[in-house]
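Below is one structure, written out as structure tokens; the observations come after it.
Residue numbers count from 1 along this sequence. Since the model is a prediction, treat every value here as computed from it, not as a measurement.
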Amino acid sequence: MRILVTNDDGIHAEGLAVLEAIAAQLSDDVWVVAPETDQSGVAHSLSLSNPLRLRQIDKRRYAVAGTPTDCVIMAARSIMIDQRPDLVLSGVNRGQNVAEDVTYSGTIAAAMEGTLLGIPSIAVSQAYGPAGRDQIHWDCAKHHAPGIIRRLLDEGIPRDVLFNLNFPNVPPSEVAGVAVTVQGRRDQELMKLEPRQDGRGNPYFWIAFQRSKSEPANGTDLRALFEKKISVTPLELDLTHEPTLTRFAQVFA
């Protein structure tokens with residue numbers, strides 16, 4: 001099995017090395033094509049106004065001056081064109097990608113692009129808590145991800161569906177199980193704009209989130225992480241809302 005590993009945190013990200021180790025447990029034919037710099041939050045964007053500059057770092061290891069989507073396209077349509085990957089793994093993202101993160105995440109977007117190209121694709125993210133980014137339980141994803149990915153592949157990933165895996169903020173031994181979940185929804189009142197001033201007194205803003213105790217809905221990705229479970233969420237490329245489609249087809253008939 002030929003595996004493409006990519007991410008949105010960049011070629012030097014610690015999570016990318018973790019995902020390489022995960023992929024190495026599944027195959028000895030692992031290729032890395034990742035962004036040159038951090039591309040968090042770029043979603044499914046393409047570089048249409050700038051050239052894609054490619055830098056080979058080592059054998060089967062490349063950096064692209066572009067987005068995660070660019071990286072998957074570059075891999076499938078150029079670097080690995082002689083034999084396209086059989087699996088795309090994206091991550092391990094530094095922080096969870098759940099609820100509305102799905103629409104913003106470059107990690108998930110890379111898996112979406114792989115799915116669009118007809119390649120089974122899985123996004124992998126590791127949650128962290130109030131202790132911050134310097135105390136992430138990378139060993140949680142590293143320990144549990146290979147087995148889950150094998151089970152998904154053995155069962156078969158449907159065409160036009162990708163899987164979003166999120167690992168809870170606990171050591172591997174404290175994981176409470178695996179939950180197959182739906183995409184959750186956060187309270188949007190938790191998002192805020194934080195006004196600041198630069199050294200010359202000019203205003204600028206940071207998008208930030210307020211911390212708040214919440215009770216995530218049962219069956220959601222948020223709830224799974226809250227309960228220290230691994231969240232496995234199947235995501236579909238087709239965003240059409242069928243009930244509304246049917247209703248408005250009658251309106252305009």
Side-chain angles (χ1 to χ4, degrees), residues 1 3-27 30-45 61-64 66-72 75-76 85-99 101-115 119-128 133 136-153 157 161-170 172 175 178 181 183 221 224-225 229-235:
M1 178 170 58
I3 300 177
L4 168 62
V5 170
T6 190
N7 72 348
D8 73 353
D9 288 330
I11 191 70
H12 301 296
E14 188 174 0
L16 185 67
V18 173
L19 191 58
E20 287 182 72
I22 292 168
Q25 295 187 52
L26 305 170
S27 173
V30 177
W31 295 64
V32 176
V33 184
E36 187 77 68
T37 58
D38 190 338
Q39 297 289 308
S40 298
V42 301
H44 202 176
S45 59
R61 188 176 176 84
Y62 299 82
V64 176
T67 69
T69 299
D70 295 332
C71 291
V72 175
D86 303 299
L87 175 66
V88 174
L89 296 178
S90 181
V92 176
N93 190 69
R94 183 178 55 183
Q96 62 193 30
N97 273 312
V98 293
D101 299 340
V102 167
T103 62
Y104 302 128
S105 168
T107 301
I108 293 175
M112 285 184 174
E113 188 62 32
T115 304
I119 305 167
S121 301
I122 300 171
V124 184
S125 301
Q126 176 62 58
Y128 62 85
R133 296 183 173 189
I136 301 178
H137 291 290
W138 294 113
D139 53 338
C140 184
K142 189 174 183 179
H143 179 81
H144 290 286
I148 291 176
I149 293 170
R150 285 191 189 99
R151 293 178 71 177
L152 293 176
L153 295 175
I157 298 177
V161 171
L162 60 135
F163 276 94
N164 181 28
L165 308 185
N166 281 272
F167 293 84
N169 176 41
V170 294
V175 169
V178 178
T181 61
Q183 181 183 341
D221 45 18
L225 294 185
K229 294 178 181 178
I230 298 165
S231 172
V232 178
T233 310
L235 301 176

(Q) Less than 4.5 Å apart, side chain to side chain, heavy atoms only: is that true for Pro168 and Ile230? (A) yes
Q.
If we count only N and O atoms by modelled type, under 3.5 Å, do the side chains of Thr233 and Thr181 hold a donor and an acceptor together?
A. yes
Q) Who pairs with Thr6 by side-chain hydrogen bond (donor to acceptor under 3.5 Å, both in side chains), at least two apart in sequence or on another chain? A) none
Q: Verify, without hydrogens or angle tests, whether Thr107 (side chain) and Ser90 (backbone) share a donor-acceptor contact under 3.5 angstrom.
A: no
Q. To the nearest 0.5 Å, what is the distance between CD1 (Ile122) and OG1 (Thr115)?
A. 9.5 Å
Q) Taking atom CD of Gln96 and atom CG of Leu225, what is their separation to the nearest 0.5 Å? A) 5.5 Å
Q. Does Val64 reach the side chain of Val33, with side-chain heavy atoms less than 4.5 Å apart?
A. yes
Q | Least distance between heavy atoms, Pro68 atom then Pro35 atom | A | N-CG, 4.1 Å
(Q) Working to the nearest 0.5 angstrom, can you tell me the gap between Ile148 CD1 and Leu153 CG? (A) 12.0 Å
Q. Hey, does Arg94 have a side-chain heavy atom less than 4.5 Å from the side chain of Arg133?
A. yes
**Q.** Ile3 side, atom CD1; Leu87 side, atom CG - distance, nearest 0.5 Å
**A.** 5.0 Å
Q: Please confirm whether the backbone N or O of Gly10 pairs with a side-chain atom of Asp38, one donor and one acceptor, at under 3.5 Å?
A: no
Q | Rounded distance (nearest 0.5 Å) linking atom CD1 of Ile108 with atom OG of Ser125 | A | 6.0 Å
Q. Would you find a donor on one side and an acceptor on the other, under 3.5 Å apart, between the side chain of His144 and the backbone of Pro172?
A. yes
Q) So do the side chains of Phe167 and Val124 get within less than 4.5 Å of each other, counting heavy atoms only? A) yes
**Q.** Check: Ser121 side chain, Leu162 main-chain N or O, donor-acceptor pair, under 3.5 Å
**A.** no
Q.
Between Asp9 (side chain only) and Leu16 (backbone N and O only), is there a donor and an acceptor less than 3.5 Å apart?
A. no
Q) Distance from Ile11 atom CD1 to Glu36 atom CD, nearest 0.5 Å? A) 7.5 Å
(Q) Quick check: closest heavy atoms across Ala110 and Val88, and the distance to 0.1 Å? (A) O-CG1, 4.3 Å
Q) Would the number of heavy atoms belonging to other residues, nucleotides or ligands and lying under 6.0 Å from CZ of Arg151 be above 12? A) no
Q.
Has Gln126 got a side-chain atom pairing as donor or acceptor with Gly95's backbone, closer than 3.5 angstrom?
A. no
**Q.** Donor-acceptor pair, side chain of Ser231 and main chain of Asn166, under 3.5 angstrom
**A.** no
Q. Step by step, would you call Val72 with Ile119 a side-chain contact (heavy atoms from CB on, under 4.5 Å)?
A. CA-CA 10 Å; Val72 175; Ile119 305 167; 5.6 Å; no
Q | Sub-4.5 Å side-chain heavy-atom contact between Asn7 and Leu19 | A | no
